[in-house]
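Single-structure report; data block below.
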Amino acid sequence: MQNYHNFYRKNDPVSPLGVDRLVEMLSLEGAEMELLLEEAGRCRSAVVGDGVYLRGLIEYSNICRKDCHYCGIRRSSSIACRYTLTEGEVLECARYAFEKNYGSIVIQGGENRSEDHISAIVRLVGKIKELTGGRLGITLSLGEQTGDTYRRWFEAGAHRYLLRIETSNERLYKSIHPCDPLHDFASRLRALEDLRNTGYQVGTGVMIGLPGQSMEDLARDLMYMHDLDIDMCGMGPYVESEGTPLAASRLPRLPLGKRYDLSLKMVASLRLLMPDINIAATTAMQAIYPEGRLHALRAGANVIMPNITPGKYRESYFLYDNKPLSFDSNIIEKNIRYGEWGDPLRFSRRSGNR
Ligand code: 5AD
């Protein structure tokens, strides 16, 4: 059987994967694609093991100051109800995750820079730490904030942060965001740098199959993540969200099935490129195929984020259409690592703990 570690190094036994090789890998189809996915699955087992780590996802608020062309909770979207969970509700979710032995949670929400919001998160993080004796890991995913805000949240006890670059191609980034200072590409890059400098384990990711996105763009996204030396990645297919400008645009686009396969190949290629990071099997994959997250795990992912948001709010947090509301963990039950934070091996190595 062809070994992709050898395959991608065949002309040069020492240099790492480059853009050209990655484009080739992302273009594989049929049986060759399956070989790539299997190789990445083996690489994952060998380097980070078969364990699947859980992060209970709390969709904290759908209030957002941004107006991204693709997103269902964009500022000018006419969703009926804008909500923010109360402190009591978030603590209830955290208690649930802790009792279920999830190991860690993610507090995700729209981008909001008000002092009320910032200090509410400081209080929440502190209370969750208190409630769980510091044992529940806390990841935040609350958009671009100032370095000072990132520091306040870190000092309160959050230790991981997720901020997707969405696409590393500046021209494409501009085409899917309004053209104003709020949606500036350079600011996003700076925010990612600030997060790293603050001491977080940093996660980023991209959308796959955006109108106007090429294979080379995606290969460069992988190289971008590699060069940024990320600890974690969450990426998935772009899925139209009705009523958004990008869904309405007439730009040519890949069929959903192709975006799905491409997402699996992106997960697999990233696993081979960065064998010791954490890679999430994202919900957007499941929005296309019910078995989506399972396939992503086989192709090299090792993290799942079950949604633990109180039911009554879920319908107000539709980033894209067909977003699954819940998830059945039975299929992967045997590999779930309950009660473990599941820190990325890469982060532990970089900080000299191993
Ligand atoms: N399709 C897929 N992913 C989306 N996101 C937002 N809108 C969409 C969409 N239409 C993703 C973005 C964002 C994350 C919270 O959700 O990548 O960073």
Side-chain angles (χ1 to χ4, degrees), residues 55 57-77 79 106-112 139-145 160-169 172-173 175-178 182-183 185 187-189 191-192 195 202-213 217-218 221 224-225 230 232-249 251 253-256 258-260 262-264 266-267 270 279-289 292-293 296 303 305 307 309 314 316-324:
R55 286 76 175 90
L57 177 65
I58 303 170
E59 292 162 337
Y60 174 65
S61 172
N62 64 358
I63 296 172
C64 192
R65 68 186 194 130
K66 291 239 170 121
D67 214 19
C68 309
H69 292 334
Y70 46 85
C71 185
I73 64 164
R74 63 200 297 266
R75 188 183 55 223
S76 53
S77 151
I79 24 181
V106 181
I107 300 176
Q108 186 182 77
E111 190 171 298
N112 181 345
T139 304
L140 299 179
S141 180
L142 299 163
E144 282 169 50
Q145 302 286 344
R160 299 185 181 129
Y161 203 101
L162 306 173
L163 180 68
R164 288 188 178 180
I165 186 70
E166 314 296 358
T167 168
S168 64
N169 176 333
L172 183 59
Y173 190 94
S175 81
I176 59 170
H177 292 99
L182 204 61
H183 299 81
F185 183 66
S187 314
R188 195 145 190 107
L189 296 178
L192 281 159
L195 286 166
V202 178
T204 191
V206 296
M207 285 179 287
I208 298 159
L210 287 164
Q213 190 177 41
D217 288 331
L218 290 168
D221 287 341
Y224 167 79
M225 294 189 241
I230 58 165
M232 314 174 289
C233 176
M235 58 184 169
Y238 162 65
V239 182
E240 279 76 6
S241 174
E242 206 191 311
T244 57
L246 196 59
S249 95
L251 288 170
R253 56 198 71 214
L254 289 175
L256 280 178
K258 290 254 186 247
R259 291 182 221 171
Y260 181 83
L262 205 43
S263 301
L264 289 177
M266 283 287 282
V267 166
L270 184 63
I279 303 178
T282 55
T283 324
M285 307 221 41
Q286 197 146 327
I288 301 185
Y289 280 124
R293 290 200 274 201
V303 165
M305 297 160 63
N307 195 337
T309 312
R314 298 221 184 150
S316 303
Y317 202 84
F318 268 111
L319 302 172
Y320 43 82
D321 298 347
N322 289 327
K323 189 165 170 266

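Start at 1 and go down the list; that is how both ligands and their atoms are numbered.
- A centroid separation of 6.0 Å or more is found between the aromatic rings of Y173 and H183.
- Judged by distance alone, the side chain of N62 and the main-chain N or O of I73 form no donor-acceptor pair under 3.5 Å.
- Salt bridge E240/R259: present, at least one basic N to carboxylate O contact under 4.0 Å.
- Taking the side chain as every heavy atom from C-beta outward, D217 and L172 approach each other to under 4.5 Å.
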Give a table of atom pairs where an N or O of ligand 1 lies under 3.5 Å from a protein N or O.
| from | atom 1 | to | atom 2 | distance (Å) |
| --- | --- | --- | --- | --- |
| ligand 1 | 1 (N) | V239 | N | 3.0 |
| ligand 1 | 1 (N) | V239 | O | 3.3 |
| ligand 1 | 10 (N) | Y70 | O | 3.0 |
| ligand 1 | 10 (N) | V239 | O | 2.7 |
| ligand 1 | 17 (O) | R164 | NH1 | 2.8 |
| ligand 1 | 17 (O) | E166 | OE1 | 2.5 |
| ligand 1 | 17 (O) | E166 | OE2 | 3.4 |
| ligand 1 | 18 (O) | E166 | OE2 | 2.6 |

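- Using a 4.0 Å cut-off between a side-chain N of Lys or Arg and a carboxylate O of Asp or Glu, R314 and E59 do not qualify as a salt bridge.
- L189 CG to T204 OG1: the interatomic distance, rounded to the nearest 0.5 Å, is 9.5 Å.
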